[in-house]
*Asks:* 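Quick one: this structure, given as structure tokens, is what I'll be asking you about.
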Amino acid sequence: MLDIFNTESFNHSMDPIELKNISVRKHDTIILEDINWTLLPGEQWAITGTNGSGKSTLLECLAGKRPVWKGIILMGSSKPQPGEIELLANDYSFNRIVNAGAEYYQQRFHAYEAERAPTVRAILTDQLRPIGTIDEKSVDLAPTLISDQTLDEVSELLSISHLLDHPFVTLSNGETRRMLLAKSLVKKPKVLLLDSPFAGLDTHSRSVLQGALEQLAQKGTRIVLVTTPGEIPDSMTHVLELNEGKISNHSSLTQFKARPTQPSYLPLPTAESLAQFGLPQANNFEVAIDLRNTRVRYGDSQILKGINWKVKKGEKWALSGPNGSGKSTLLSIITADNPQRFANDFDLFDQKRGGAGASIWDIKQKIGHISPELHLYFPRNTPVHKTIASGFFDATGVFFKKLSPAQLDKVQEVADLLHVDDLLERDFSALSKGQQRLVLLARALVKNPPLLILDEPCQGLDQQATENFKAIVDAICNNQERTLIYVSHYPSEIPSCVSHFIRLDQGSILSMESTQPNTQG
């Protein structure tokens with residue numbers, strides 16, 4: 001049991017947290033309206049709801065990071081001190097949390113950047129030197145306020161002790177989430193706010209997090225987390241349900257689990273809409289990907305260890321493996337984002353490394369791609385219709401190319417398919433995280449590419465949106481002209497069209513199988 005999380009020293013640690021008639025606006029849109037909610041001592045709350053219902057905004061209000069438009073939030077007899085309330089946002093919040101180290105994450109696939117990036121230990125103990133520091137001895141850092149005991153106990157709690165001296169850019173998405181949770185926990189918070197903490201975590205990491213939350217709750221840390229109904233930890237005592245910015249229900253966890261679910265589904269694509277969407281373009285190849293003994297190394301760390309993998313046109317693959325197994329690095333070779341692609345022998349679309357003289361943009365033109373990294377760094381101040389249209393040009397900022405009538409029609413078609421057509425004139429930053437993910441999915445589909453690489457595409461989507469997206473993937477991939485690579489830690493999220501499976505572990509292929517006869521096995 002962890003002694004460092006004893007919160008009895010806080011005079012107001014057992015006071016209720018009260019939200020009285022609060023409403024919140026984001027730009028010109030009301031996100032939360034007339035919220036009345038009391039969190040009593042000893043209660044641990046899970047918040048659920050559909051995409052855009054205001055879940056993340058509610059956590060931001062509790063953390064004091066978003067002002068309320070109307071109403072008041074009471075946090076006890078005195079104002080909370082820095083570090084007593086910690087929010088782990090669902091977008092990692094790198095620019096705010098890691099500060100000077102943020103630029104390194106954007107260069108995570110560059111070996112040189114990995115060598116000069118800060119370690120996990122430096123991040124957790126606030127020992128980050130300014131960007132561009134050449135001589136480390138030239139910068140005097142203030143002594144850390146984090147004791148070795150605290151660092152060791154938090155690292156052990158979250159199973160990241162073995163990562164403390166690793167450059168943080170070499171971490172997987174799941175390992176990064178655990179690191180940032182540790183960043184909050186070393187401050188010994190009284191209230192811990194977690195937004196979709198299980199997203200992107202493999203089975204082992206989810207188990208580690210559930211155990212950590214149980215220990216924290218037992219020692220008095222008050223926990224409020226946003227999650228899906230199927231992933232509410234047993235350590236929670238109550239559930240708050242939101243719908244369109246209002247509280248639709250609140251109950252004990254026992255009552256919530258006993259209540260029968262009544263799922264509702266968005267309309268599925270029609271044969272007419274799919275016919276209009278059409279077959280992919282630029283599909284004059286037989287083998288989409290042929291990797292031969294592919295290796296990637298950062299310093300002394302071998303990330304990929306001789307990967308041999310052939311993906312033929314029309315095949316639908318699921319790529320899986322635990323956090324840190326090398327999935328993102330493998331995909332970065334295919335998408336031309338990793339500079340070590342030049343040191344490897346592989347074919348893309350029947351051409352060596354994508355073709356002699358082929359640019360990165362020639363390769364990307366045939367690939368529709370979404371990943372947690374793209375979501376993290378996509379420019380926020382972009383209208384939704386431009387965000388989707390940027391997929392034609394593989395750009396991430398505001399572009400100035402004039403769209404053709406056919407391209408304008410395609411933006412509308414894909415927006416209709418994913419039910420984001422009512423968001424087209426809104427700003428990307430004004431959307432919920434789940435809505436943003438759907439818009440980025442539309443961006444991946446808009447140019448109708450022959451190869452779709454969907455890296456955890458349902459991360460941040462509610463159950464209804466997830467089921468609808470799976471149905472859309474099945475529908476548009478129901479032909480031999482579309483090739484698919486689909487990454488997920490959840491078997492339930494994998495579309496039924498997938499018939500080939502590859503699993504990585506520690507940079508090597510652990511297994512490869514097919515449910516179809518006479519195919520690569």
*Asks:* If you count every heavy atom of other residues, nucleotides or ligands that lies below 6.0 Å from Gln412 atom CD, does the total exceed 12?
*Replies:*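 Yes - once you tally the heavy atoms of other residues, nucleotides and ligands closer than 6.0 Å, there are more than 12.
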*Asks:* Mind checking the CD1-SG spacing from Ile472 to Cys477? Nearest 0.5 Å is all I need.
*Replies:*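 Output value for this atom pair is 11.5 Å.
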*Asks:* Could you check whether Gln464 and Asn468, counting side-chain N and O atoms only, form a donor-acceptor pair closer than 3.5 Å?
*Replies:*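 No.
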*Asks:* Whether the side chain of Thr50 engages the backbone of Ser53 through a donor-acceptor N/O pair (distance < 3.5 Å, no angle test) should be reported.
*Replies:*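 It does not hold such a pair.
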*Asks:* Find out whether Leu151 and Arg121 are in side-chain contact, i.e. whether some heavy atom of one side chain is under 4.5 Å from a heavy atom of the other.
*Replies:*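 Side chain of Leu151 against side chain of Arg121, heavy atoms only: contact under 4.5 Å found.
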*Asks:* Give a yes or no answer on whether the side chain of Asn448 reaches the backbone of Leu279 with a donor-acceptor pair at less than 3.5 Å.
*Replies:*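 Yes.
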*Asks:* On a heavy-atom basis, which atom in Ile160 and which in Ala182 lie closest, and how many Å separate them?
*Replies:*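 Looks like CD1-CB, 3.8 Å.
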*Asks:* State which residues pass ring pair (Phe, Tyr, Trp, His ring centres under 6.0 Å) with Phe198; sequence neighbours excluded, sorted by chain then number.
*Replies:*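 For Phe198 there are no ring pair (Phe, Tyr, Trp, His ring centres under 6.0 Å) partners, ignoring immediate neighbours.
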*Asks:* Any salt bridge between Lys327 and Asp455, counting N to O under 4.0 Å?
*Replies:*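 Salt bridge: no.
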*Asks:* Checking the side chain of Lys310 only, and the main-chain atoms of Val287 only, is there a donor and an acceptor separated by less than 3.5 Å?
*Replies:*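 The answer is no, because no donor-acceptor pair under 3.5 Å joins these two groups.
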*Asks:* Looking at every heavy atom in both Pro280 and Pro449, which two are closest together, and how far apart are they?
*Replies:*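 It is CB-O, 3.5 Å.
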*Asks:* Out of curiosity, Leu438 CG to Cys458 SG, how far, rounded to the nearest 0.5 Å?
*Replies:*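 Rounded to the nearest 0.5 Å, the CG-SG separation comes out at 8.5 Å.
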*Asks:* Is any side-chain heavy atom of Thr515 closer than 4.5 Å to a side-chain heavy atom of Phe501?
*Replies:*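 SC-SC contact between Thr515 and Phe501 confirmed.
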*Asks:* Any salt bridge linking Arg292 with Asp347? Criterion: basic side-chain nitrogen under 4.0 Å from a carboxylate oxygen.
*Replies:*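 Asp347 and Arg292: salt-bridged.
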*Asks:* Is the shortest heavy-atom distance from the side chain of Met179 to the side chain of Leu163 under 4.5 Å?
*Replies:*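 They are not in side-chain contact.
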*Asks:* What I'd like to find out is whether the side chain of His489 reaches to under 4.5 Å of the side chain of Thr203, using heavy atoms alone.
*Replies:*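 Not in contact.
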*Asks:* Determine yes or no for a side-chain-to-main-chain donor-acceptor pair under 3.5 angstrom, with Lys470 supplying the side chain and Ser492 the backbone.
*Replies:*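 Between the backbone of Ser492 and the side chain of Lys470 there is a qualifying donor-acceptor contact (under 3.5 Å).
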*Asks:* Hey, could you give me the CZ/CG distance between Phe469 and Leu441, rounded to the nearest 0.5 Å?
*Replies:*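 Going from the CZ atom of Phe469 to the CG atom of Leu441 covers 4.5 Å.
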*Asks:* Would Asn338 and Ser332 count as having a side-chain donor-acceptor pair, cut-off 3.5 Å?
*Replies:*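 Side chains of Asn338 and Ser332: pair found under 3.5 Å.
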*Asks:* Could you walk me through whether Lys313 and Glu481 satisfy the salt bridge (charged side-chain N to carboxylate O under 4.0 Å, His left out) test, starting with their C-alpha distance in whole Å, then the side-chain angles of each, then the deciding distance to 0.1 Å, before giving a yes or no?
*Replies:* CA-CA 7 Å; Lys313 183 174 73 172; Glu481 302 301 317; 3.6 Å; yes
*Asks:* For Arg206 and Tyr490, what are the C-alpha separation, side-chain angles and deciding distance, and is it a side-chain contact (heavy atoms from CB on, under 4.5 Å)?
*Replies:* CA-CA 11 Å; Arg206 293 199 297 271; Tyr490 298 85; 3.4 Å; yes
*Asks:* Counting distance only, does the side-chain N/O of Gln340 pair as donor-acceptor with the main-chain N or O of Arg297 below 3.5 Å?
*Replies:*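 At least one qualifying donor-acceptor pair exists.
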*Asks:* For the OG atom of Ser184 and the CG atom of Leu193, what is their distance to the nearest 0.5 Å?
*Replies:*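 Ser184 OG to Leu193 CG: 9.0 Å, rounded to 0.5 Å.
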*Asks:* For Ser432 and Gly52, indicate whether the former's side chain and the latter's backbone hold a donor-acceptor pair under 3.5 Å.
*Replies:*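 Confirmed, Ser432 side chain pairs with Gly52 backbone.
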*Asks:* Answer yes or no: is there a donor N or O on one side and an acceptor on the other, between the side chain of Asn308 and the main chain of Asn293, under 3.5 Å?
*Replies:*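 Confirmed, Asn308 side chain pairs with Asn293 backbone.
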*Asks:* Taking all non-hydrogen atoms of both residues, which atom of Leu330 and which atom of Leu291 are closest, and how far apart?
*Replies:*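 Minimum heavy-atom contact is CD1-CD1, 3.3 Å.
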*Asks:* Let me see the working for Leu348 and Leu451 under side-chain contact (heavy atoms from CB on, under 4.5 Å), right down to the final yes or no.
*Replies:* CA-CA 11 Å; Leu348 294 176; Leu451 173 60; over 6 Å; no
*Asks:* For the side chain of Lys316 and the backbone of Arg482, is there at least one donor-acceptor N/O pair under 3.5 Å apart?
*Replies:*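 Side chain of Lys316 to backbone of Arg482: a pair is present.
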*Asks:* Taking side-chain contact (heavy atoms from CB on, under 4.5 Å) as the test, write out the residues that go with Ser205, two or more places apart.
*Replies:*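 Partners of Ser205 by the side-chain contact (heavy atoms from CB on, under 4.5 Å) criterion, ordered by chain and then number, come out as Arg178, Leu201, Asp202, Asn323.
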*Asks:* If the test is side chain to side chain contact (heavy atoms under 4.5 Å, CB included), which one of Arg443, Arg437, His369 qualifies with Leu374?
*Replies:*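 Result: among Arg443, Arg437, His369, Arg443 is the only option passing the side chain to side chain contact (heavy atoms under 4.5 Å, CB included) with Leu374.
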*Asks:* Do the side chain of Lys305 and the main chain of Gln506 share a donor and acceptor less than 3.5 angstrom apart?
*Replies:*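 Side chain of Lys305 to backbone of Gln506, a donor-acceptor pair under 3.5 Å: yes, one is there.
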*Asks:* Counting C-beta onward and ignoring hydrogens, is there a side-chain heavy-atom pair between Leu225 and Pro233 closer than 4.5 Å?
*Replies:*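 Yes, side chains in contact.
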*Asks:* Is it the case that the side chain of Lys364 and the backbone of Thr335 share a donor-acceptor pair, with hydrogens and angles ignored and the cut-off at 3.5 Å?
*Replies:*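 Answer holds: yes.
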*Asks:* Please report the shortest heavy-atom distance between Thr227 and Thr48, naming the atom on each side.
*Replies:*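 In this case the closest contact between Thr227 and Thr48 is O-CG2, 3.4 Å.
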*Asks:* One pair to check against side-chain contact (heavy atoms from CB on, under 4.5 Å): Leu124 and Leu164. What are the steps and the verdict?
*Replies:* CA-CA 9 Å; Leu124 296 184; Leu164 286 176; 4.0 Å; yes
*Asks:* What residues form a ring pair (Phe, Tyr, Trp, His ring centres under 6.0 Å) with Phe285, not counting sequence neighbours?
*Replies:*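 Partners of Phe285 by the ring pair (Phe, Tyr, Trp, His ring centres under 6.0 Å) criterion, ordered by chain and then number, come out as Phe349.
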*Asks:* Under 3.5 Å, is there a donor on one side chain and an acceptor on the other for Asp195 and Ser56?
*Replies:*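 Judged by distance alone, the side chains do pair up.
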*Asks:* Decide yes or no for Pro197 and Leu209: does some side-chain heavy atom of the first lie under 4.5 Å from some side-chain heavy atom of the second?
*Replies:*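 Pro197 vs Leu209: side chains touch.
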*Asks:* Where is the tightest heavy-atom contact between Pro322 and Asp505, given as atom of each residue plus distance?
*Replies:*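 Shortest heavy-atom separation between Pro322 and Asp505 comes out as CG-OD1, 3.5 Å.
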*Asks:* Going from OG on Ser496 to CG on Asn478, what distance comes out if it is rounded to the nearest 0.5 angstrom?
*Replies:*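 Output value for this atom pair is 9.0 Å.
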*Asks:* To the closest 0.5 Å, what do you measure between CD (Gln351) and CG (Asp362)?
*Replies:*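 So the CD of Gln351 and the CG of Asp362 are separated by 9.0 Å.
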*Asks:* Could you go step by step and tell me if Ser390 and Phe378 meet the side-chain contact (heavy atoms from CB on, under 4.5 Å) rule?
*Replies:* CA-CA 11 Å; Ser390 69; Phe378 199 88; 3.8 Å; yes
*Asks:* Measure the shortest side-chain to side-chain distance between Leu445 and Leu417 over non-hydrogen atoms and say whether it is less than 4.5 angstrom.
*Replies:*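 A side-chain contact under 4.5 Å is absent here.
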*Asks:* Indicate yes or no: at least one non-hydrogen side-chain atom of Leu319 is less than 4.5 angstrom from one of Ile453.
*Replies:*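 They are not in contact (no side-chain heavy atoms under 4.5 Å apart), so the answer is no.
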*Asks:* Kindly assign one of parallel, tilted or perpendicular to the pair Phe428 and His375, based on the angle between their ring planes and the thresholds 30° and 60°.
*Replies:*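 Phe428 and His375: perpendicular rings.
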*Asks:* Identify the heavy atoms of Asp462 and Ala465 that sit nearest to each other, and give their distance.
*Replies:*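 Heavy atoms only, the tightest pair is OD1-N, 2.7 Å.
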